[in-house]
K.L.:
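Submitted below is the structure of interest, expressed as structure tokens.
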Amino acid sequence: MKRVYVNEKWCLGCHLCEYNCAFANSGMTDMVKALKDKPIYPRVHIEQSDDITYAVSCRHCKDPLCVKSCIAGAISIVDGVVKIDKTKCVGCLTCVLVCPYGAVRPGPTGAAQKCELCLENSCGEPACVKGCPNNAIVYEERQEEK
Amino acid sequence: MIDQYIYPEFEVVRNQNRCISCRVCERQCANEVHRYDTDLGVMLSDETKCVNCQRCVSLCPTHALKIVKSDCRLRENANWSDQTIKEVYKQANSGGVLLSSMGNPTPLPVYWDKILINASQVTNPPIDPLREPMETKVFLGKKPEKVLRRASGELITQMPPQIELSMPVMFSAMSYGSISYNAHASLARAATELGICYNTGEGGLHEDFYCYGENTIVQVASGRFGVHKNYLEAAAAVEIKMGQGAKPGIGGHLPGAKIVGDISRTRMIPEGSDAISPAPHHDIYSIEDLRQLVYSLKEATDYKKPVIIKVAAVHNIAAIASGIARSGADIIAIDGFRGGTGAAPTRIRDNVGIPIELALAAVDQRLRDEGIRNNVSLVVGGSVRSAADVVKAVALGADAVYVATAALLALGCHLCRTCHSGKCNWGIATQRPDLVKRLNPDIGSRRLVNLMNAWRHEIKELMGAMGINSIECLRGNRLMLRGVGLTAKELEILGISHAGE
Ligand code: SF4
Ligand code: SF4
Ligand code: SF4
Ligand code: SF4
């Protein structure tokens, strides 16, 4: 399965991926309308310390802790993609607590949200990858699946 | 007295209706122009520091930015232009020589733009490069005078050493130090993939790039930085740099602050010491001295590699080239007055040297007249900007061209001409690790390969239109060129007729 991978060597810490993600998942057609003067809720986050930065998003684990932990059965795996059903999420945020990558976070409504690879939003392919200026995140098929 | 205030050259125009305060521009500008004001909740800018490199413009996700030339002008004066006056202010402030980067930007004539190319009609039909084979391969090096046979009648096919290029274009010298590790990696990888050569410049060859040796030209310059046996042996050819188009007659100076880590190791000089390239080679004061260096280098490389001599295009270039062609060198590279540089005194860059088109035509003609054109191949650089320039250069007599500025543009350079600040926002002319990182060689080399492949297609189309199917048939074929708006003297030097003739 194709996943989003990080080449932290090339990440500039520009945070463009966060904004592209928030826009792609906003359901709107104009970035300014979608993001101006509002808090943003991206599903990819830049981790940084002094001289290292990289983007973290859901790894779509084979045996995901979030799926096991969800008390409402809101998280499932569909064709390898780990998805959250917002209508079932009760906002307990257990998934946020258990995800070892910190890839799940509460969204604007309080329901948990995470990267679902942009497969169903307006972008159709990971927006973070598409907009990264330096190939620091890529969307590809790799062997080493966990 | 205090320093004379000079109004900033550019204005940063931010469309606040579009800006989403993502702060990408702030993070990407190494000149620290942009900043977010938490009290006001908006982005502010300090335009005094902007160099118009357009990094922020390119990365702003909502296209909220533009950089415009400030219209705050001094009182108009046809003799004392705004720029001339400000240069006086700058020098009165600093007491120093003005520094500049990249090529001469002044509006002196560009002869390429006054030369037009022929096409076939009716009697000698054009060729369609998509249907018929077209040869763009060239060999650089000394060519035999005549066909030689052994007593048995068998042809002697042994040739002096040659460089084989898949197209008549090479990336010209840019040293590791003046440009970044990632810029070098991009050039080396692209040259290898394309079957052409790139040039180390005078900064030595980083140990990681020895694997690209077959597509590398190594330079021996007046500072002799990084020159040793393995360096010479790794390369496809060795270039002796006598001069450079952007600063003929001037040496180089890479400040000690930039001589750190790998750069100091590669140049083989201590960390923190200034890398000074003297203006002359202190062992070369005549063609005979030059010949000695040529033969020392040939001896060191077992006569297996062509030796190139690179000179700047200056007034007596034809006579100089004639001397070089007799020095034992295999290739002469001539760099015109528009050639780029990482740093040069502004007055030198803008006022010294001559246009490459005239130099090329004069040299090719002189070498032919003296019957020594076969002794050497001719490579020209100094602002070859497109496939059309390449075709015109070949028709004027060049065997190949050197391009550097176009290659840097492909890597992201926006010609802001502040390379000497060391803060290139595109990761090219800088050694700051956070900036160098901005140039991913996977992307850089792909863009260089794209550019050269595009040029190759265009060269084939231009050749096809002329009814020529091999670049060898175009070389020195000045009948394929016509001048427009040129004087009789200019046409005479270029060796071409005027359009309509
Ligand atoms: S867009 Fe790319 S370079 Fe910029 S922060 Fe995200 S991963 Fe890093
Ligand atoms: S793939 Fe889409 S949803 Fe996932 S992190 Fe990237 S931009 Fe966000
Ligand atoms: S220096 Fe470059 S990145 Fe900085 S504001 Fe000017 S154009 Fe933008
Ligand atoms: S990059 Fe563009 S949108 Fe982002 S803060 Fe700068 S001007 Fe505003």
K.L.:
With no hydrogens and no angle check, do the side chains of N134(A) and R438(B) hold a donor and an acceptor under 3.5 Å apart?
P.N.:
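Absent: no donor and acceptor within the cut-off.
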
K.L.:
Should the pair R265(B)-D262(B) be classified as a salt bridge under the 4.0 Å nitrogen-to-oxygen rule?
P.N.:
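Answer for the salt bridge query: yes.
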
K.L.:
Which atoms of L439(B) come close to chain A, meaning under 4.5 Å heavy atom to heavy atom: side chain ones, backbone ones, both, or neither?
P.N.:
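Only the backbone of L439(B) comes within 4.5 Å of chain A.
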
K.L.:
Specify the closest pair of heavy atoms between K114(A) and V82(A), including all atoms of both residues, with the distance to one decimal.
P.N.:
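Looks like NZ-O, 2.7 Å.
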
K.L.:
Heavy-atom distances under 4.5 Å only: say whether N182(B) touches chain A with side chain, backbone, both or neither.
P.N.:
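Answer is side chain: those atoms of N182(B) sit under 4.5 Å from chain A.
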
K.L.:
When you measure from the side chain of K36(A) to the backbone of Q16(B), do you find a donor-acceptor pair of N or O atoms at a distance under 3.5 Å?
P.N.:
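Confirmed, K36(A) side chain pairs with Q16(B) backbone.
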
K.L.:
Hey, are R456(B) and S166(B) close enough side-chain-wise for a donor-acceptor pair under 3.5 Å?
P.N.:
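Yes - a donor-acceptor pair under 3.5 Å links their side chains.
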
K.L.:
Select one option (side chain, backbone, both, neither) describing which atoms of K38(A) are under 4.5 Å from chain B's heavy atoms.
P.N.:
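Looking at K38(A), nothing touches chain B.
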
K.L.:
Taking C11(A)'s backbone N and O only, do any of them form a donor-acceptor pair with K437(B)'s side chain (distance below 3.5 Å, no angle check)?
P.N.:
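At least one qualifying donor-acceptor pair exists.
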
K.L.:
Do other residues, nucleotides or ligands put more than 12 heavy atoms under 6.0 Å from the CD atom of E11(B)?
P.N.:
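More than 12 heavy atoms, drawn from other residues, nucleotides or ligands, come within 6.0 Å of this atom.
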
K.L.:
Quick one: which residues of residues 28-48 of chain B reach chain A at under 4.5 angstrom, heavy atoms only?
P.N.:
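Under the 4.5 Å heavy-atom cut-off, Q28(B) qualify.
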
K.L.:
Looking at R27(B), R18(B), E26(B), which makes the most heavy-atom pairs under 4.5 Å with chain A?
P.N.:
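Winner by heavy-atom pair count: R27(B).
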
K.L.:
Show me the pairs that pass side chain to side chain donor-acceptor pair (under 3.5 Å) and involve residues 65-81 of chain A, at least two apart or across chains.
P.N.:
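Every side chain to side chain donor-acceptor pair (under 3.5 Å) pair that includes a residue of residues 65-81 of chain A, provided the two are not neighbours, is D63(A)-K68(A).
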
K.L.:
Could you tell me which portion of D51(A) (side chain, backbone, both or neither) has an atom closer than 4.5 angstrom to a non-hydrogen atom of chain B?
P.N.:
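Just the backbone, heavy atoms under 4.5 Å.
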
